[in-house]
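Naming: A, B, ... by sequence-line order, numbering from 1 per chain. On a predicted model such as this, the values are computed, not experimentally measured, just so you know.
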There are 2 protein chains.
Amino acid sequence: MLVNALITQRDLIAERGRYHAQMTSMPVSERLGSHIKRAEQALSATKAAVLRPAGVTVAQYSALLHLSENPGISAAALARLCGVTPPTMNTVLNNLQDRALIERTPHEWHRNVLETRLTDAGRAVMADADARAVRVERALAAEFTDEERAALAGLLGRCVELLERERP
Amino acid sequence: MLVNALITQRDLIAERGRYHAQMTSMPVSERLGSHIKRAEQALSATKAAVLRPAGVTVAQYSALLHLSENPGISAAALARLCGVTPPTMNTVLNNLQDRALIERTPHEWHRNVLETRLTDAGRAVMADADARAVRVERALAAEFTDEERAALAGLLGRCVELLERERP
DNA sequence: GAATCTAAGTTAGAGCTCTAATGCTCGTCA
DNA sequence: TGACGAGCATTAGAGCTCTAACTTAGATTC
C-alpha cells in the first residue's frame, strides 16, 4: 500500500479511535439497510458490466425484459412493473426509441394511451442482453441451496413489506 | 379499479397468456437479483421519504454519516466507504458544500489532498437526519429475530462476494 | 349533460451515478 | 537524479431517478 493511501487510512483510524464512542445511534455494520444496499450495489455493478457489451444499461434491460413479456403494454404499466415512476420510464423509453429498439403506437380505442412494443432490432438486443444477464443470475442461484434461496427471498420480501408499511 | 387500468391490465394478461411459453430463459420471480433490487428500491424510497423533512437525500446522508465518523477523511476514501466513485462523491460533496454543511481544507502535508469535515450546521443536520434514519433501521431490525438478521446479513454477504467474483 | 375523478403522458428541474480523460502530487526505483 | 507509477481531485458527458406540475382522454356521478 502506498504512503498516500496509508496516510488517509491512518488519519481515518486515528479519528475513529478518538470519536468512536457514540457518534451515531446505531453502528453501520448492524444496519440491515447497509447490507441490502451493498448487495444491490454489487448486483448493479456486475449487471452493468456484463450488459455493457450488449449496449444496454440495467434500466434499459429491465424495460426490454418486461416489454418482451408484455407486448403493447402502456408506459405507465411498464413503469409499475419495473418499480419506477412514469417520468423515469419515459426517459428510458425515449432513449430506447431514439435507437429504434422500441416503437410506440397510439392505442386503437384509447387515444390517451400509447402501446409500446419491441422492434426486431429490440428483440435481437434483448436476446443478447438477456443471455448475459441470465448468466449472472444462474451464477448467483448456484451459490445457494434451494432452502437458502427461499430463505433469502422470504427475508427480503418481509423487508419490502415492512418498509412499505413504514413509509409515511 | 377503473376501466382504463383494466384495459391495459387485460391486454397485459392476454399477451402474457399468448407469449408466456419461453420468451426469456429465466422467470423474473426466480431471479434472486429481482428480490434484492426490490428490497433496495423499497429501502431507498422509505429512507428518502423519512429523510426529506431533514432536508437531505439518501446519498447526502450516507456521506454525512461516514463523515461524522471519520473527520478529515479524503473525498476518495469517503467514496470508497459509501461504495461510489470519486466523481459521484464529488457531486454530492459539492451540493453539501454549497449549503455549508461541510468544509474542505487543504491537507497540511499533502497538497493534493483535501480534508473534508462537517461544519456545525452539518453536524446539526446530520443529527436530525440520523435520528430519522435510525428509526427506520430499528423498525427493520425489530421485524426479525437475531437468527434471521444474521442469516439475512450472511446471505447478502455471500451475494456480494459472488457478484464481485463474477464481475469481469 | 356537466362536474368530477382517475389514469396516461409529458415537461421542467434537481440530484445521483457512471465512464473517460486530465492535471497534480508524491513515492519508488533504476 | 530522473522516469515511472499510484492516488487524489476535477471536468465533461451520458443516463437514471425523483417530485411537481400540466394536459388530455375517458369514466363516474349527479
- prompt: Would you say the side chains of B/Thr85 and B/Thr88 form a donor-acceptor pair under 3.5 Å?
  reply: yes
Residue B/Val113, side-chain heavy atoms: nucleotide from C/dA8, D/dT17, D/dC8 that is nearest: D/dC8
A/Ser74 side-chain N/O to C/dA7 phosphate OP1/OP2 under 4.0 Å: no
field: Short side-chain donor-acceptor distance under 3.5 Å, A/Arg104 and A/Asn94
entry: yes
task: Kindly state each residue pair satisfying salt bridge (charged side-chain N to carboxylate O under 4.0 Å, His left out) with at least one member in residues 149-164 of chain A, sequence neighbours excluded.
output: A/Asp146-A/Arg149, A/Arg158-B/Glu148
- prompt: Given atom CZ of B/Arg80 and atom C1' of D/dG7, what is their separation to the nearest angstrom?
  reply: 8 Å
Non-neighbouring partners of A/Asp120 that pass salt bridge (charged side-chain N to carboxylate O under 4.0 Å, His left out), sequence neighbours left out: A/Arg123
task: Nearest-nucleotide wise, let me know which of B/Arg111 and B/Gln60 is further upstream toward the 5' end of DNA chain C.
output: B/Gln60
query: Please give, in whole Å, the distance from C/dT25 C1' to B/Asn112 CG?
result: 4 Å
statement: Separation of C/dG9 atom P from A/His107 atom NE2, nearest Å, is 10 Å
- line: Considering only heavy side-chain atoms of B/Arg52, the closest of D/dA9, C/dC16, D/dT19 is D/dT19
field: Nearest-angstrom distance from the residue atom CG of B/Leu51 to P of C/dC16
entry: 12 Å
query: Are side-chain heavy atoms of B/Cys159 and B/Ile36 found at a separation under 4.5 Å?
result: yes
field: Modelled atom types, side-chain donor and acceptor of B/Arg117 and B/Asn70, under 3.5 Å
entry: no
query: Please give, in whole Å, the distance from C/dT17 P to B/Glu40 CD?
result: 10 Å
statement: Residues in residues 84-105 of chain B with a heavy atom under 4.0 Å of DNA chain C, by number, are B/Val84, B/Thr85, B/Pro87, B/Thr88, B/Thr91, B/Val92, B/Asn95
field: Nearest-Å distance for atom pair CG/C1', residues A/Leu114 and C/dG9
entry: 7 Å
message: Contact between B/Leu65 and A/Arg31 at the side-chain level, heavy atoms closer than 4.5 Å - yes or no?
response: yes
message: What is the separation between atom CH2 on B/Trp109 and atom C1' on D/dG7, rounded to the nearest whole Å?
response: 18 Å
